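Below is one structure, written out as structure tokens; the observations come after it.
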Amino acid sequence: MRATDVLRSALMGIVEEMGLNWPAKAVIEPPRDPKHGDLAANIAMLLAREAHKNPRELAQVFVEKLPQRCADIEKVEVAGPGFCNVTFSQHFWRSTVREVEAAGPAYGQSSVGQGRKTLVEYVSANPTGPLHVGHGRGAAVGDSLARLLRKAGFDVETEYYINDAGRQMRILGLSVWLRVKELAGRPVEWPEDYYRGSYIIDIAREMLAGDPSLPDMEDQAGQDRCYERAMNEILDGIKADLADFRVEHQHWFSEKTLVESGAVKAAFDALTEAGHTFDKDGAFWFATQALGDDKDRVLRKSDGSLTYFASDIAYHHNKFTRGYDWLIDIWGADHHGYVPRMRAAIAAMGKPRDSFDVVLIQLVNLLQGGKPVSMSTRAGTFETLADVVKEVGADAARFMFLSRKSDTSLDFDLELAKQRSLDNPVYYVQYAHARICAVLRRAEERGISLPAASTDGLLAALDTPEDMALLRKLAGFEDMVATAAQALAVHHVSHYLMELAGMLHSYYAKHQVLLGDDTARTLSRLALLRAVGQVLRNGLDLLGVSAPEAM
RNA sequence: GCGCUCGUAGCUCAGUCGGAUAGAGCGAUUGCCUCCUAAGCAGUAGGCCGCAGGUUCGAUUCCUGCCGGGCGCACCA
């Protein structure tokens with residue numbers, strides 16, 4: 001926030017003048033209670049010991065010197081144990097409207113990310129069936145996180161890792177193949193592990209219709225053919241479901257391709273060279289325990305096949321070689337035990353700890369009017385992402401997924417997601433935007449013309465406490481984006497939007513915007529509302545939620 | 001048993017790089033449309049921030065232990 005920067009540099013100047021150093025723990029932030037001013041600084045409490053003064057005494061020094069250094073400061077006082085509480089002038093806050101107008105959709109953009117090359121890998125569900133609700137949460141979080149990080153100045157790309165090389169894929173091929181044979185009236189013996197979903201039968205039926213001689217193939221060949229077809233079909237379905245959910249990955253990365261490229265061997269060699277591997281019991285091991293894991297892990301089993309971990313190491317190694325220096329993985333929370341070994345792998349690659357982060361996505365409990373919806377594979381229940389999106393819409397689903405911390409479990413009530421009330425926050429926020437648009441439309445109808453860029457004079461009539469509160473909130477948008485991005489916490493955006501929408505609704509109820517007899521005030525309030533609308537749009541865009549002009 | 005994680009209002013959840021009197025919505029309850037969208041607003045009630053210690057000027061926030069919930073602990077993926 002501009003106010004924070006202004007105050008920080010003024011305070012730094014004073015600290016320097018006193019011959020002291022700026023402590024790392026110095027914080028400048030809006031106090032909880034707005035009565036304490038716009039910003040509070042704890043600097044005096046931190047420097048008290050070094051300056052041989054009591055905190056309040058030292059704070060008094062700052063209070064006396066600040067106004068000379070900063071014309072925008074209207075009031076500054078010592079409070080509590082030694083805070084410096086600063087209030088900026090109304091004129092200063094009003095200029096926020098002009099900043100929003102100037103930046104438009106780019107308002108909130110910052111450069112705290114310094115262009116760091118970042119890869120967000122998310123969803124990455126095995127292509128063995130349609131995406132379910134849990135994947136949807138991961139999809140929403142990954143997509144919004146990428147948007148958020150870009151807004152904060154990171155250079156972000158997104159990726160879906162296709163697990164097309166392992167056991168699950170063999171089972172998928174087998175499942176379809178057996179269905180094909182069954183449909184053709186051949187005798188079939190069902191193994192313990194196979195995919196039972198109805199989509200498997202659909203694929204088998206299509207394949208059989210396309211090639212009636214298919215069941216005559218040899219088992220292995222038939223199974224391979226089925227695997228190929230089924231995976232592609234399911235992958236297409238996944239892509240379509242994601243597109244309907246407004247999620248698009250820039251890269252689709254195949255595990256199979258990775259394995260065939262020899263990347264696994266290269267990764268093994270690199271680990272061995274660094275002395276992190278050993279042979280035991282006929283298997284090839286990675287000594288992760290020395291790097292913080294519970295125990296050492298197998299990379300190549302005694303039967304010669306690779307573990308999932310092996311190709312995952314190669315995959316992450318490959319990400320680094322592609323030039324990314326921050327890897328963010330979005331995983332289901334049931335994989336949290338996997339984090340230490342992946343961290344061990346990153347460490348073994350010689351990469352710093354902060355080059356790899358995992359965002360864990362907790363379970364989604366699907367409810368219907370407060371009662372749990374069966375998550376079984378039975379038809380007719382809402383289990384897939386596509387079903388849920390169809391039922392409640394992408395906006396409601398995304399907002400719901402993004403309004404809670406991602407690592408706590410989430411109750412998703414289908415009834416509630418369709419309700420048009422404050423129970424359902426997405427409508428509350430969208431309604432605020434639509435209301436603003438309605439007022440702007442009405443103004444236009446009445447022939448009131450608001451210049452695209454307002455001036456100090458035009459904004460001068462913004463002088464109520466509610467005006468100031470909204471302006472401060474708008475000014476804080478960039479900070480919110482930056483801290484949310486760095487904390488990988490998308491839900492901060494939803495909460496900010498809820499607060500901003502609440503303030504707007506409250507303002508709307510209290511202050512008439514279109515005032516027949518007071519043109520100056522009308523114009524200034526219209527400009528403020530337009531700025532609020534812009535910030536609501538920018539925030540909703542980070543969530544991938546639409547901002548309707550009418551509801 | 002070990003590890004990770006969570007425990008904040010009746011319910012669902014924010015907040016916490018240590019700061020002043022802990023917030024929101026729902027539910028309960030009382031009001032508000034001759035006026036820009038009532039999908040809204042204003043008010044009231046509701047809290048040992050799981051428990052006990054420790055660190056400090058100051059702890060809901062950090063540390064330790066305990067209690068309770070969730071998840072994980074494969075030569076599975």
Side-chain angles (χ1 to χ4, degrees), chain A residues 24-25 27 29 31-33 35-36 40 42 45-46 48-49 54-55 79-83 85 126 128 163 165-169 171 193 255 280-285 293-295 297-312 332-340 360 362-363 370 403-405 407-411 413 416 419-432 434-443 445-446 483 486-487 489 491-492 494-496 498-499 501-502 504-516 522 525-526 529 550-551:
Chain A
K25 285 169 77 180
V27 172
E29 59 185 1
R32 281 190 191 152
D33 188 339
K35 283 201 291 279
H36 292 129
N42 65 349
M45 289 182 281
L46 297 173
R49 185 169 303 181
N54 83 47
F83 289 102
N85 289 347
N126 289 343
T128 55
N163 295 122
R167 200 173 75 96
Q168 302 301 324
M169 289 296 107
I171 296 175
D193 263 349
E255 180 188 4
K280 195 181 93 182
D281 304 335
F284 182 60
W285 296 69
D293 197 5
D294 295 344
K295 50 178 135 179
R297 306 289 172 176
V298 169
L299 296 178
R300 192 193 305 113
K301 298 178 237 173
S302 49
D303 69 1
S305 64
L306 297 173
T307 61
Y308 175 80
F309 186 39
S311 54
D312 219 13
D334 54 342
H335 288 70
H336 72 259
Y338 195 76
V339 175
L360 295 172
Q362 264 293 0
L363 284 181
S403 57
R404 295 263 191 285
K405 261 191 311 217
D407 65 347
T408 58
S409 64
L410 168 72
D411 290 337
D413 196 314
L416 197 142
Q419 264 176 44
R420 302 166 154 200
S421 70
L422 221 145
D423 283 342
N424 188 8
V426 66
Y427 284 106
Y428 187 75
V429 176
Q430 289 183 319
Y431 185 52
R435 263 185 152 173
I436 289 170
C437 292
V439 176
L440 292 171
R441 273 197 303 274
R442 185 58 58 91
E445 282 165 27
R446 295 189 188 173
T483 53
Q486 285 166 317
H491 70 281
H492 286 308
S494 327
H495 284 273
Y496 174 90
M498 287 292 290
E499 284 162 15
L504 184 278
H505 286 309
S506 178
Y507 186 93
Y508 182 92
K510 183 157 185 174
H511 297 294
Q512 184 82 13
V513 173
L514 301 175
L515 304 153
T522 298
R525 288 183 175 173
L526 281 172
L529 254 60
M551 289 172 76

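From a predicted model like this one, the values you see are computed outputs, not experimental measurements. Here is the naming used below: chain letters follow the sequence lines, and residue numbers restart at 1 for every chain. Hydrogens, waters and symmetry mates are skipped; everything else that's a heavy atom, side chains included, is used.
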Between [options], which nucleotide gets closest to the side-chain atoms of [X]?
{"X": "A:H505", "options": "B:A77, B:U37, B:G40", "result": "B:G40"}
{"X": "A:Y308", "options": "B:C36, B:A77, B:U37", "result": "B:A77"}
{"X": "A:R167", "options": "B:A77, B:G19, B:G72", "result": "B:A77"}
{"X": "A:P31", "options": "B:C76, B:C13, B:A20", "result": "B:A20"}
{"X": "A:H36", "options": "B:A39, B:U12, B:A20", "result": "B:A20"}
{"X": "A:Q168", "options": "B:A14, B:A77, B:U37", "result": "B:A77"}
{"X": "A:P81", "options": "B:C13, B:C36, B:G19", "result": "B:G19"}
{"X": "A:N126", "options": "B:C36, B:A77, B:A14", "result": "B:A77"}
{"X": "A:S506", "options": "B:C36, B:C17, B:A42", "result": "B:A42"}

Need the pair for [N]. Rule: Watson-Crick or G-U wobble, both distances under 3.5 Å, any strand; none if unpaired.
{"N": "B:C17", "answer": "none"}
{"N": "B:U55", "answer": "none"}
{"N": "B:A24", "answer": "B:U12"}
{"N": "B:C73", "answer": "B:G1"}
{"N": "B:C41", "answer": "B:G31"}

Measure distances between side-chain N and O atoms of [X] and base N and O atoms of [N], and say whether any donor-acceptor pair falls under 3.5 Å.
{"X": "A:S302", "N": "B:C75", "result": "yes"}
{"X": "A:H335", "N": "B:G72", "result": "no"}
{"X": "A:D193", "N": "B:A77", "result": "no"}
{"X": "A:H336", "N": "B:C71", "result": "yes"}

Problem - Contact nearer the 5' end of RNA chain B, comparing A:N42 with A:L514 - result: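 Looking at the nearest nucleotide for each, A:N42 comes out on the 5' side.
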
Handout entry: Closest-nucleotide 5' rank along RNA chain B - winner of A:P340 and A:A40
Key =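 Whichever sits nearer the 5' end wins; that is A:P340.
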
Is the phosphate of [N] approached by [X] (side-chain N or O, under 4.0 Å from OP1 or OP2)?
{"X": "A:K301", "N": "B:A77", "result": "yes"}
{"X": "A:R442", "N": "B:U37", "result": "yes"}
{"X": "A:K280", "N": "B:C75", "result": "no"}
{"X": "A:T408", "N": "B:A14", "result": "yes"}
{"X": "A:Y428", "N": "B:C41", "result": "yes"}
{"X": "A:R441", "N": "B:U37", "result": "no"}

If we only count heavy atoms from C-beta on, is the [X] to [Y] side-chain gap below 4.5 Å?
{"X": "A:Q168", "Y": "A:N163", "answer": "no"}
{"X": "A:V439", "Y": "A:R525", "answer": "no"}
{"X": "A:L529", "Y": "A:L504", "answer": "yes"}
{"X": "A:H336", "Y": "A:D407", "answer": "no"}

Problem - Face-to-face contact A:F83 to B:G19 six-ring, under 5.5 Å, under 30° - result: no

Exercise for the section: Classify the nucleic acid contact of A:S409 as base, sugar-phosphate or nothing, counting any heavy atom under 4.0 Å across all strands shown. Expected result: sugar-phosphate

Exercise for the section: Would you indicate what A:A550 reaches in the nucleic acid, counting non-hydrogen atoms under 4.0 angstrom: base, sugar-phosphate, or nothing? Expected result: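 Base contact - A:A550 has a heavy atom under 4.0 Å of at least one base atom.
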
Fill in the blank from the handout: Here the distance between atom P of B:C36 and atom CD1 of A:I436, to the nearest Å, is 17 Å

Problem - Flag, side chain of A:T307 to backbone of A:V298, donor-acceptor distance under 3.5 Å - result: yes

